[in-house]
Amino acid sequence: MVVKFLWRYIIITLSSVLYAIGIAFFLNPNQLAPGGVSGIAIILKKVFPFLPGVGMLILIINIPILILGAWKFGIRFVLSTIYTLIISSVVIDIAPSLTNITSFTNDRMLASIIGGGLFGFAMGVMFRMETTTGGMDVLVKLVKQKRPHLKTGQIYLLMDVVILAASALAFHNIEVALFAAIAIYVSSVVMDRAIYGGDEATLVYIISNRRKIIAVRMMQELEVGVTMMRGMGAYSNHDTEIIMCVMRKQTLTKVRNILKEVDPDAFMIVTSANEVFGEGFKSHFKSEI
């Protein structure tokens with residue numbers, strides 16, 4: 001229990017630092033507002049230079065949002081979020097002065113891709129660890145409770161449109177806003193990959209006259225579960241059985257090799273399963289992000 005707790009906070013700490021690096025060394029120095037509270041803080045700092053650092057602004061803006069989070073999600077959620085928020089905010093403000101580096105690159109395209117990638121990956125890991133950086137993360141979690149079918153990155157993308165428009169006005173530069181849009185898109189894609197990547201699988205349907213042999217070989221050689229579904233050929237009007245199987249993506253090549261050996265004329269449909277619950281995959285009791 002103690003080891004699990006410590007491991008969780010090690011991962012949270014590392015992801016908080018990655019999140020801060022993305023903002024401190026890539027996005028903020030290139031005036032790229034990545035959406036969310038961090039984007040709002042970058043915009044406010046530009047419009048009102050006398051305000052404290054971006055990290056401190058993120059901390060201040062988050063206070064009322066954290067109160068809402070405590071009310072909706074409980075004290076455990078808020079405590080881990082406060083820890084994440086403090087670590088990331090401190091690193092954002094002190095990292096440039098400690099390293100004497102203001103920016104890793106002045107190329108805004110490079111900054112938007114790398115900064116957005118770090119930003120999105122870190123937030124995805126935080127969500128998997130059941131914590132956030134506060135701000136829009138809390139609001140996104142509220143939306144997910146009401147609309148669980150929506151993907152986290154997609155929700156962020158929708159909420160960030162307004163902030164993106166505000167950055168164009170604040171910086172008086174449409175190009176900056178366009179690069180910020182790239183950063184937001186990259187972060188949403190990487191975030192969804194970090195959150196859902198391990199849950200994705202491949203769903204196959206196989207129609208073959210030698211289906212029983214194929215099914216047995218799949219179960220024995222690949223150790224995957226197989227379901228036989230009843231169907232009827234529209235042209236022949238003959239009853240038949242269709243193999244349905246959910247598997248890891250890397251297993252698909254082995255299935256194709258079996259078909260080449262047993263029935264090269266077999267008809268196989270391959271599609272993606274975004275999330276799979278059950279034995280060998282994600283637990284039904286796993287908390288939703």
Side-chain angles (χ1 to χ4, degrees), residues 11-12 14-40 42 84 88 104-105 107-144 147-168 174-203 248-250 252 270-276 281-282 286 288-289:
I11 298 299
I12 290 174
L14 292 175
S15 60
S16 299
V17 172
L18 280 179
Y19 173 88
I21 289 173
I23 294 176
F25 295 112
F26 291 97
L27 300 177
N28 185 39
N30 288 283
Q31 299 182 332
L32 301 177
V37 169
S38 56
I40 294 173
I42 291 173
T84 304
S88 59
F104 284 159
T105 179
D107 185 326
R108 280 182 171 147
M109 176 61 78
L110 197 59
S112 64
I113 294 174
I114 298 178
L118 289 172
F119 186 85
F121 176 76
M123 288 197 295
V125 173
M126 289 176 196
F127 269 109
R128 289 190 77 95
M129 292 294 107
E130 298 183 8
T131 188
T132 73
T133 56
M136 295 297 181
D137 301 350
V138 175
L139 301 180
V140 167
K141 219 169 159 56
L142 287 171
V143 173
K144 283 288 289 182
R147 298 287 187 272
H149 61 281
L150 294 176
K151 284 201 168 186
T152 304
Q154 295 171 345
I155 302 172
Y156 273 100
L157 203 56
L158 293 173
M159 297 176 73
D160 288 338
V161 170
V162 174
I163 298 173
L164 191 64
S167 71
I174 188 65
E175 188 178 82
V176 170
L178 293 175
F179 279 118
I182 294 174
I184 291 172
Y185 175 75
V186 171
S187 68
S188 68
V189 171
V190 174
M191 185 194 310
D192 278 341
R193 179 59 58 182
I195 296 173
Y196 303 106
D199 300 327
E200 289 187 354
T202 296
L203 172 63
R248 299 295 180 185
K249 291 182 179 181
Q250 58 268 29
L252 181 60
V270 181
T271 185
S272 176
N274 290 331
E275 290 187 84
V276 183
F281 293 91
K282 189 163 65 174
K286 183 177 179 180
E288 285 300 308
I289 296 168

Checklist entry - Excluding sequence neighbours, so at least two apart, what forms side chain to side chain donor-acceptor pair (under 3.5 Å) with T84? => result T131

Next on the checklist: Set out, in order, the CA-CA distance, both residues' side-chain angles and the distance that settles side-chain contact (heavy atoms from CB on, under 4.5 Å) for S16 and M126, then state yes or no.
Outcome noted: CA-CA 8 Å; S16 299; M126 289 176 196; 4.0 Å; yes

Checklist entry - Are the side chain of N28 and the backbone N or O of A24 linked by a donor-acceptor pair below 3.5 Å? => result no

Checklist entry - Say you draw a straight line from CD1 of I184 to CE of M191; how long is it, rounded to the nearest 0.5 Å? => result 10.5 Å

Checklist entry - Taking R108 for the side chain and N30 for the main chain, is one N or O donor matched with an acceptor at less than 3.5 Å? => result yes

Checklist entry - Measuring from L110:CG to F179:CZ, what's the distance to the nearest 0.5 Å? => result 10.5 Å

Checklist entry - What distance separates Y19 OH from F119 CZ, expressed to the nearest 0.5 Å? => result 4.5 Å

Checklist entry - Rounded to the nearest 0.5 Å, what separation is found between the CG atom of L27 and the OG atom of S187? => result 8.5 Å

Checklist entry - Which pair of non-hydrogen atoms, one from S88 and one from A20, has the smallest distance, and what is that distance? => result O-CB, 3.5 Å

Checklist entry - Taking only residues two or more places apart in sequence or in another chain, which ones pass side chain to side chain contact (heavy atoms under 4.5 Å, CB included) with I40? => result L44, I61, M136, I163

Checklist entry - Would you call Y185 and I182 a side-chain contact if the rule is heavy atoms closer than 4.5 Å? => result no

Next on the checklist: Please find the pair of heavy atoms, one from S15 and one from V125, that lie closest to each other, and give the distance.
Outcome noted: CB-CG1, 4.0 Å

Item to check | Least distance between heavy atoms, F26 atom then L32 atom | outcome: O-CD1, 4.5 Å

Item to check | Distance, nearest 0.5 Å, that separates CD1 of I21 from CD1 of I114 | outcome: 12.0 Å

Checklist entry - Minimum heavy-atom separation for S38 to I23, with atom names? => result CB-CD1, 3.6 Å

Checklist entry - What is the minimum heavy-atom distance between A168 and I174, and which atoms define it? => result CB-CD1, 4.3 Å

Item to check | Shortest non-hydrogen contact between A180 and A33, atoms and distance | outcome: CB-O, 3.6 Å

Checklist outcome for this item: Which of V190, I113, L18 passes side-chain contact (heavy atoms from CB on, under 4.5 Å) with L118? It is L18

